[in-house]
Amino acid sequence: MAQLSDDCFAFGGPMMSVDEAVAIIATRVSAVDEIEAVPLEKADGRILAGDISASLPLPPFTNSAVDGYAVRSSDLPLREEAAFPVSGRIQAGASAGEPVKPGHAARIFTGAPMPEGADTVFMQEDVRVDAAGKVVVPAGLRPGANVRPVGEDIQLGAAALGAGLRLRPQDIALAAAFGLTQIDVRRRIRVAVFSTGNELVSPGDPRQSAQLYDSNRFMLMAMLARLGCEVRDLGILRDDRGALAQGLKKAAGTNDLILTSGGVSTGEEDHVKAAVEDVGTLVLWRMAIKPGRPVAMGIIGGTPFIGLPGNPVASFVTFVHVVRPTVLALSGAQPLPLIPMPVRAAFTYKKKIARREYVRVSLHKMDDGRLEATKFPREGAGLLSSLVDTDGLVELGEEITQVAPGQTVGFLSYASLM
Ligand code: AMP
Ligand code: MG
């Protein structure tokens, strides 16, 4: 396991910007170092452990890009059409056969190797075959047309996939194209997830009138799974300092990250902070972000701890800015910056300067083809429906103080966040 120092999350100032939080995490959290080889079909979403360079040029041999007729470029007619006798027929997967003689053409199909001598292919749609069986080709074709030269895509030895890449289907395709059967990736990080609060019960358990079903744990576990974590569900801990401390300590030895929600505000019944201090070190990150509350950051026996606020929307937003970068860093992934896409605001909004705010919005395609973002009508940080009935978050930077309808704003889709 990655062992982090007790002062890993130390921070001096009173307020922390989102960018500062992300930078601290990226520079101070180190990756797990175990590496495992996974077959291609299990590699999606895994973090590439080392650089992969091209062990084969792509394409591996020069081939035809079309079904047609291969000729020598020195024979290409410049002004008038010309007829070539056809000798040879090369299918995909077959060997290139005899060289094409001057003044001749070879029938060739897409993906078939170019025969020696030939370097240009006429598309079959552009030619005709005359009564004598010769292929009649038009004048003016560019030498080298319709041919895919060896290495045109990637040259032998070229850098292809970089360490820390979160593998996508197309990356796996590239590894397969080199003939690899497995890929070295970092092991999945193990994340323990607790909820805290006497008012919570698990779905399936009997609920008293003043209790509610624990929803954060299932949201957070699903987000972690999407980020490639091996998730451990450690249930609900009561608002009890001793029980919390015990639960946290136990989880620290066998996990790479401990994540809780609830119990980190300043109320008397918020015992998570004290419990972390009993078994490790703790700092509160007061982040300049809305929705959001202070996030508790700690180290318990070398294992990082993150305590998210209990309100579902605050939990969700702080997950994105604190847990997501931590998970990526522990997993050995390159940081994946969130890139908001420009959309047109269909709402009015006022905000405090020097604070990053996120507005839950739905997107609509307008008659002029542009996307417009409509704000969810209510703002409470406890409203799960506000996350369910929207498509993503509009990010309003620290410097912004108001938004007027028609203004361009940056949109982050929920799918891009995990
Ligand atoms: P806390 O941060 O513990 O003060 O909780 C803030 C609010 O979030 C309270 O109304 C809690 O009931 C609610 N809450 C805390 N944890 C959860 C959870 N796991 N699922 C749903 N709501 C929660
Ligand atoms: Mg609570």
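Just so you know, residue 1 is the first one in the sequence shown, and it goes up from there. Bear in mind that the values here come from a model prediction, so they are computed numbers and not experimental data. Order of appearance sets the numbers: ligands from 1, and atoms from 1 within every ligand.
Ser202 and Asp214 are not linked by any side-chain donor-acceptor pair at a separation below 3.5 angstrom, with hydrogens and angles left out of the test. A donor-acceptor contact closer than 3.5 angstrom links the side chains of Glu395 and Tyr358. No side-chain donor from either of Asn216 and Ser195 sits under 3.5 Å from a side-chain acceptor of the other.
In this structure, Trp285 and Phe9 have perpendicular ring planes: the angle between them is above 60°, well past the 30° mark.
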Side chains of residues 323-336: which donor-acceptor partners sit under 3.5 Å, not counting sequence neighbours?
from	atom 1	to	atom 2	distance (Å)
Arg324	NE	Leu417	O	3.1
Arg324	NH1	Leu336	O	2.9
Arg324	NH2	Leu336	O	3.0
Thr326	OG1	Val322	O	2.6
Ser331	OG	Val327	O	2.5
Gln334	NE2	Ala163	O	3.2

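Taking every non-hydrogen atom of Gly263 and a distance limit under 4.0 Å, the qualifying atoms of ligand 1 come out as 1 (P), 2 (O), 3 (O). Within the listing of ligand 1, atoms 16 (N), 17 (C), 18 (C), 19 (N), 20 (N), 23 (C) sit less than 4.0 angstrom from a heavy atom of Asn216. Residue contact check: Ser195 has heavy atoms under 4.0 Å from atoms 19 (N) of ligand 1. Short contacts between ligand 1 and Ser265, defined as distances under 4.0 Å to a heavy atom of the residue, involve ligand atoms 2 (O), 4 (O).
Of the candidates Asn311, Leu384, Asp270, Asn311 brings a heavy atom nearest to atom 10 (O) of ligand 1. Looking at Val272, Asp239, Asp214, it is Asp214 that brings a heavy atom closest to atom 19 (N) of ligand 1.
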Are Phe316 and Tyr414 close enough, and set up right, to give a ring-ring contact (aromatic ring centres under 6.0 Å, His included), and what steps lead you there? CA-CA 10 Å; Phe316 185 93; Tyr414 291 134; 5.5 Å; yes
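The shortest heavy-atom distance from Ser215 to ligand 1 is under 4.0 Å. Contact between Ile236 and ligand 1 is absent, with no heavy atom of the residue lying under 4.0 Å from the ligand.
On a distance-only criterion, Glu199 and ligand 1 share at least one N/O pair closer than 3.5 Å. Of the N or O atoms in Arg217, none lie within a sub-3.5 Å distance of an N or O in ligand 1. In terms of N/O distances under 3.5 Å, ligand 1 is approached by Gly310. In terms of N/O distances under 3.5 Å, ligand 1 is not approached by Gly262.
Counting only distance, with no hydrogens or angles, the side chain of Asp67 and the backbone of Thr110 share a donor-acceptor pair below 3.5 Å.
Distance check: Asp33 CG to Arg186 CZ gives 7.0 Å after rounding to the nearest 0.5 Å.
Regarding atom 22 (N) of ligand 1, its nearest protein heavy-atom neighbour is Leu212 CD1, 3.7 Å.
The two residues Leu257 and Thr303 come nearest to each other via the heavy atoms N-CG2, 3.9 Å.
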